[in-house]
Each structure stands twice: as C-alpha cells, then as structure tokens.
*Asks:* 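Sharing a structure with you now.
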Amino acid sequence: MDTRLTSRARILRAIRSVPRGKVSTYGAIAKAARLPRAARLVARVLHTSLGLPWHRIVGASGQIKLRGDQFIEQRLRLEAEGVTFRGSRVRMALHEFQLAKPRLPTPSS
DNA sequence: TCCGTGACGCGAT
DNA sequence: CATCGCGCCACGG
C-alpha cells in the first residue's frame, strides 16, 4: 500500500472541507489530516493539485504566503467571498474555519 | 541513494 | 514589527 496516497488523500479532504467565506491554515490542515508536522507537505499538495479551493489556505496568523500576482489573486478571491483583512492578514478570529477533528479509533465503537 | 528545495511554523533576538 | 534559525516532510534531479 502506498501510504503517501492516503496521507495526500486526507490532506485533500481537509482542504476541500473549508467552506466558501472561510479560511484555514497549512498547519491546521496538516493536523486535521493527522500529519501535525507536515505543513510544508500541505503547501506542496496545494501547489501540485488542481480544482482545490487553494485561496482559502493561509499562513498561521492569516498571512498570504504567495508572492507577486499570486498574492494579489488570492487576496481578491478571498475578498470576493467576503473574507475581511486587518492590514495584510486575514481576520482569523472572524473567518478561520474549525476543521473536524481527525477520526480516531473510538473506545466505545 | 544523497542533497537541495519549498505556497510552513514558531520561538528568540 | 522585521529577521533569523531550526525543525519537519516528501519530491525531483
């Protein structure tokens, strides 16, 4: 079995779960995918996959991590969804999406 | 197979 | 608030 695919699949699922008008962070997505230290992996997945709500993923404190045109593009897309900023960062207190906790083997099944 | 490279995160300076 | 350094992880040459 290729564990890379399952990890990637969990990351993709977490990313896709972020609704319109909400945002999440690389680290939070990683945690939700049960890969708590794989924030950079999340970034790679975002960069190498198509059809994802990529603009809804920002840095830990609401910062857009892209550069140049991409930076502008992400900001415009977020604002178009109603996401507000304070300076150059998203107001996380208002828009951060609370991701579902990763599924653990339940004690009482 | 080894090594450099990121759309990262966080504490320290 | 701006930078730096170090830890993390999978990928590509």
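Residue numbers begin at 1 in each chain, while the letters A, B, ... track the order of the sequences.
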*Asks:* Under a 3.5 Å distance rule, please check whether A:R56 uses its side chain to pair with a backbone N or O of A:V18 as donor and acceptor.
*Replies:* yes
*Asks:* Quick one: A:H47 NE2 to C:dA10 P, roughly how many Å, whole number?
*Replies:*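 Spelled out: NE2 on A:H47 to P on C:dA10 is 18 Å.
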*Asks:* Atom CZ of A:R37 and atom P of B:dC8: how far apart are they, to the nearest Å?
*Replies:*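 After rounding, the reported distance stands at 17 Å.
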*Asks:* Starting from P on C:dC11, measure out to CG on A:L35 and report it in whole angstrom.
*Replies:* 12 Å
*Asks:* Rounded to the Å, how far apart are A:I29 CD1 and C:dC8 C1'?
*Replies:* 17 Å
*Asks:* Taking the basic N atoms (NZ, or NE/NH1/NH2) and the acidic carboxylate oxygens, is any pair closer than 4.0 Å for A:R77 and A:E73?
*Replies:*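 A salt bridge is present here (some side-chain N lies under 4.0 Å from a carboxylate O).
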*Asks:* If you group Ile, Leu, Val, Met, Phe, Trp and Tyr by side-chain heavy-atom gaps below 4.5 Å, do A:L52 and A:L76 land in one group?
*Replies:* yes
*Asks:* Could you check how far CH2 of A:W54 sits from P of B:dC8, rounded to whole Å?
*Replies:*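 It works out to 14 Å between those atoms.
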*Asks:* Closest to the A:L46 side chain: C:dC9, B:dA7, B:dC8?
*Replies:*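 The nucleotide sitting nearest to the side chain is B:dA7.
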*Asks:* Take atom CD of A:Q63 and atom C1' of C:dC1, then tell me their distance rounded to the nearest Å.
*Replies:*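 Rounded to whole Å, this separation is 11 Å.
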*Asks:* Both A:R89 and A:R44 contact DNA chain C. Which one's nearest nucleotide lies toward the 5' end?
*Replies:* A:R89
*Asks:* Let's test your reading of the model: under 3.5 Å, does the base of C:dG7 pair with the side chain of A:R40 as donor and acceptor?
*Replies:*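 It does, because a donor-acceptor pair links the side chain of A:R40 to the base of C:dG7 below 3.5 Å.
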*Asks:* A:I57 has an atom CD1; how far is it from atom P of B:dG9, in whole Å?
*Replies:*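 My rounded result for the distance is 10 Å.
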*Asks:* Can you confirm if the NZ or CZ of A:R75 lies within 45° of the ring axis of A:F85 and under 6.0 Å from the centre of its six-membered ring?
*Replies:* yes
*Asks:* Tell me what A:L41 touches on the nucleic acid: a base, only sugar-phosphate, or nothing, going by heavy atoms under 4.0 Å.
*Replies:* sugar-phosphate
*Asks:* Using whole Å, what does the distance between atom P of nucleotide C:dC9 and atom OH of A:Y26 come to?
*Replies:*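 Taking OH of A:Y26 and P of C:dC9, I get 19 Å after rounding.
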*Asks:* So which one's nearest nucleotide on DNA chain B is more toward 5', A:Q70 or A:K31?
*Replies:*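 Taking each residue's closest nucleotide, the earlier one in sequence belongs to A:Q70.
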